[in-house]
**Student:** 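Have a look at this one before I ask anything.
Small disclaimer: the values here were computed from a predicted structure and weren't measured. Note on naming: letters A, B, ... go to the chains in the order of the sequence lines (proteins, then strands), and numbering restarts at 1 for each one.
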Protein chains: 2
Amino acid sequence: MAFSKTEAFTDVDQKLALWAKALSHPARVAILRELAQRNACICGELVANLPLSQATVSQHLKVLKEAGLISGEIDGPRICYCIHWPTLEEMENALNRLFKQIKPCC
Amino acid sequence: MAFSKTEAFTDVDQKLALWAKALSHPARVAILRELAQRNACICGELVANLPLSQATVSQHLKVLKEAGLISGEIDGPRICYCIHWPTLEEMENALNRLFKQIKPCC
DNA sequence: ATTGTATATCGTAAATATACGATTAAATAT
DNA sequence: ATATTTAATCGTATATTTACGATATACAAT
């Protein structure tokens, strides 16, 4: 009697759900915005700009990374996070297809 | 030391996060698709088409309803769910603005 | 009035998410 | 070599989500 029967749905819907989940916390939306604005950004500055602890921000970054929406490259003692454009585009396209498919009627 | 400090973020990011959360389970994406295809649909048919129990589907419908993405009207002994277009458009627009704001760089 | 049908809600168990302090790891700088 | 800095991970507490059986509710039909 396991939980989260996500495997029973289509790949497209699973992917959409995973991306949506990645965006389902305002901190993560804010992080994406922030990274985009600077086009690249270290984690430290993010922590300074968010009302969350370093540990928590790091956790949110991990979620975004696992969803493929950002990537982080080592740069000396810090990590330079930036948006991973290919996945972001993929997500945007999937959403647009969903809306397109949904909207015609009515 | 409460949890989920969502109130510390902007209204826009909170809204986006709430909508994303509503889409963060494949069953709910599938429900939206299904409702859109028929433009209106009773819950019973949804249950028949989803690998989930009636109680669980009803719960997912509640989440979508609370996010404003669907509405349900009483129709005899059943409830006729359908997509709530104004909110769906609002969400689509908010997402497009986010992508637009994010994409310019790089 | 009783029965049947459709859907919501309740109760509950398990999984996942959120948050943070403390610690660790890894590179830089001294 | 040692100290400093930056970010990840660990441990832990609490909250929320997911799932379902059982029950309640509300209307329709008989």
**Student:** Has B:R28 got a side-chain atom pairing as donor or acceptor with B:L23's backbone, closer than 3.5 angstrom?
**Tutor:**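 No, the answer is negative, given that no donor and acceptor are paired below the 3.5 Å cut-off.
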**Student:** How many whole angstroms separate atom CZ of B:R78 from atom C1' of C:dG4?
**Tutor:**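 Going from CZ in B:R78 over to C1' in C:dG4 covers 12 Å.
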**Student:** How long is the line joining CD1 of A:I42 and C1' of D:dA8, in whole Å?
**Tutor:**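 In whole Å, D:dA8 C1' lies 15 Å from A:I42 CD1.
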**Student:** Would one find a side-chain N or O of A:Y81 under 4.0 angstrom from OP1 or OP2 of D:dT6?
**Tutor:**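 False: A:Y81 side-chain N/O out of range (4.0 Å or more) of D:dT6 OP1/OP2.
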**Student:** Kindly say whether, by distance alone, the side chain of B:Q54 makes a donor-acceptor pair under 3.5 Å with the base of C:dA8?
**Tutor:**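 Flag set: donor-acceptor pair detected.
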**Student:** Kindly state each residue pair satisfying salt bridge (Lys or Arg N to Asp or Glu O under 4.0 Å) with at least one member in residues 67-85 of chain B, sequence neighbours excluded.
**Tutor:**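 Matches after skipping sequence neighbours: none remain.
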**Student:** Going from CG on B:L64 to CD1 on B:I70, what distance comes out if it is rounded to the nearest 0.5 angstrom?
**Tutor:**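 It is 4.5 Å, given to the nearest 0.5 Å.
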**Student:** For A:R28 and C:dT18, is the shortest distance between a side-chain N/O and OP1 or OP2 below 4.0 Å?
**Tutor:**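 Looking at the OP1 and OP2 atoms of C:dT18, one of them is under 4.0 Å from a side-chain N or O of A:R28.
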**Student:** Can you sort out the partners of B:S58 under side chain to side chain donor-acceptor pair (under 3.5 Å), two or more places apart, ordered by chain and number?
**Tutor:**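 Per chain and number, B:S58 pairs via side chain to side chain donor-acceptor pair (under 3.5 Å) with no residue.
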**Student:** Rounded off to whole Å, could you give me the CD-to-P distance for the A:E7 and D:dT18 pair?
**Tutor:**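 So the two atoms are 14 Å apart, to the nearest Å.
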**Student:** Could you list all N or O pairs between the protein and nucleotides 24-30 of chain C that sit under 3.5 Å apart?
**Tutor:**
none

**Student:** What's the CG-P distance between B:L52 and C:dT7, to the nearest Å?
**Tutor:**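 Computing the B:L52:CG to C:dT7:P distance gives 16 Å.
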**Student:** Considering only residues two or more places apart or on different chains, which pairs with a residue in residues 36-64 of chain A satisfy ring pair (Phe, Tyr, Trp, His ring centres under 6.0 Å)?
**Tutor:**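 Applying ring pair (Phe, Tyr, Trp, His ring centres under 6.0 Å) to every pair that reaches into residues 36-64 of chain A, excluding sequence neighbours, yields A:H25-A:H60.
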**Student:** What's the CG-C1' distance between B:D75 and C:dA8, to the nearest Å?
**Tutor:**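 It works out to 16 Å between those atoms.
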**Student:** In residues 57-71 of chain A, what residues come within less than 4.0 Å of DNA chain C, judged by heavy atoms?
**Tutor:**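 Within residues 57-71 of chain A, the residues near DNA chain C are A:Q59, A:H60.
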**Student:** Looking only at side-chain N and O atoms, does B:T56 come under 4.0 Å of OP1 or OP2 in D:dC20?
**Tutor:**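 Yes, such a contact exists.
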**Student:** Whole angstrom is fine here: how far is it from CD in A:E73 over to C1' in D:dT6?
**Tutor:**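 Atom-to-atom, A:E73 to D:dT6, this comes out as 17 Å.
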**Student:** Specify the residue among A:A55 and A:K21 whose closest nucleotide of DNA chain C lies further upstream toward the 5′ end.
**Tutor:**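 Nearer the 5' end of the strand: A:K21.
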**Student:** When rounded to the nearest 0.5 angstrom, what distance separates CZ in B:R97 from CD1 in B:I102?
**Tutor:**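 The distance works out to 13.0 Å.
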**Student:** With sequence neighbours left out, write down each residue that passes side chain to side chain donor-acceptor pair (under 3.5 Å) with B:T87, or none if nothing qualifies.
**Tutor:**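 Here the qualifying residues are B:H84.
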**Student:** Just to verify, what does A:E66 make a side chain to side chain donor-acceptor pair (under 3.5 Å) with, not counting sequence neighbours?
**Tutor:**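 Testing A:E66 for side chain to side chain donor-acceptor pair (under 3.5 Å), a comparison that skips the adjacent residues, returns none.
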**Student:** Just jot down the side chain to side chain donor-acceptor pair (under 3.5 Å) partners of B:N96, sequence neighbours excluded, or say none.
**Tutor:**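 Applying side chain to side chain donor-acceptor pair (under 3.5 Å) to B:N96 gives none.
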**Student:** Can you tell me how far CG of B:L98 sits from CG of B:N93, rounded to the nearest 0.5 angstrom?
**Tutor:**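 B:N93 CG to B:L98 CG: 12.5 Å, rounded to 0.5 Å.
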**Student:** Looking at DNA chain D, which of residues 10-18 of chain A put a heavy atom within less than 4.0 Å of it?
**Tutor:**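 Going residue by residue through residues 10-18 of chain A, none turns out to have a heavy atom under 4.0 Å of DNA chain D.
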**Student:** Grab the CD1-P distance between A:I79 and D:dT6 for me, whole Å please.
**Tutor:**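 That distance rounds to 13 Å.
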**Student:** Side chains of B:L69 and B:W19: does their closest heavy-atom pair fall under 4.5 Å?
**Tutor:**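 B:L69 reaches B:W19 side chain to side chain.
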**Student:** If we only count heavy atoms from C-beta on, is the A:F9 to B:V29 side-chain gap below 4.5 Å?
**Tutor:**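 No, side chains not in contact.
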**Student:** Answer yes or no: does a side-chain N or O of A:S53 lie under 4.0 Å from OP1 or OP2 of C:dC20?
**Tutor:**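 Result: yes.
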**Student:** Listing request: all ring pair (Phe, Tyr, Trp, His ring centres under 6.0 Å) pairs with a residue in residues 27-59 of chain B, at least two apart in sequence or in separate chains.
**Tutor:**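 Counting only pairs at least two positions apart or across chains, no ring pair (Phe, Tyr, Trp, His ring centres under 6.0 Å) contact touches residues 27-59 of chain B.
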**Student:** Does anything in residues 8-27 of chain A pair up under salt bridge (Lys or Arg N to Asp or Glu O under 4.0 Å), and if so which pairs, sequence neighbours excluded?
**Tutor:**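 For residues 8-27 of chain A, and leaving out neighbouring residues, the salt bridge (Lys or Arg N to Asp or Glu O under 4.0 Å) pairs sorted by first residue read A:D13-B:R33, A:K15-A:E90.
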**Student:** So for the helix from C:dA1-D:dT30 to C:dT30-D:dA1, with five pairs setting each end axis, what is the inter-axis angle to 10°?
**Tutor:**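 Comparing the axis at each end, I get an angle of 20°.
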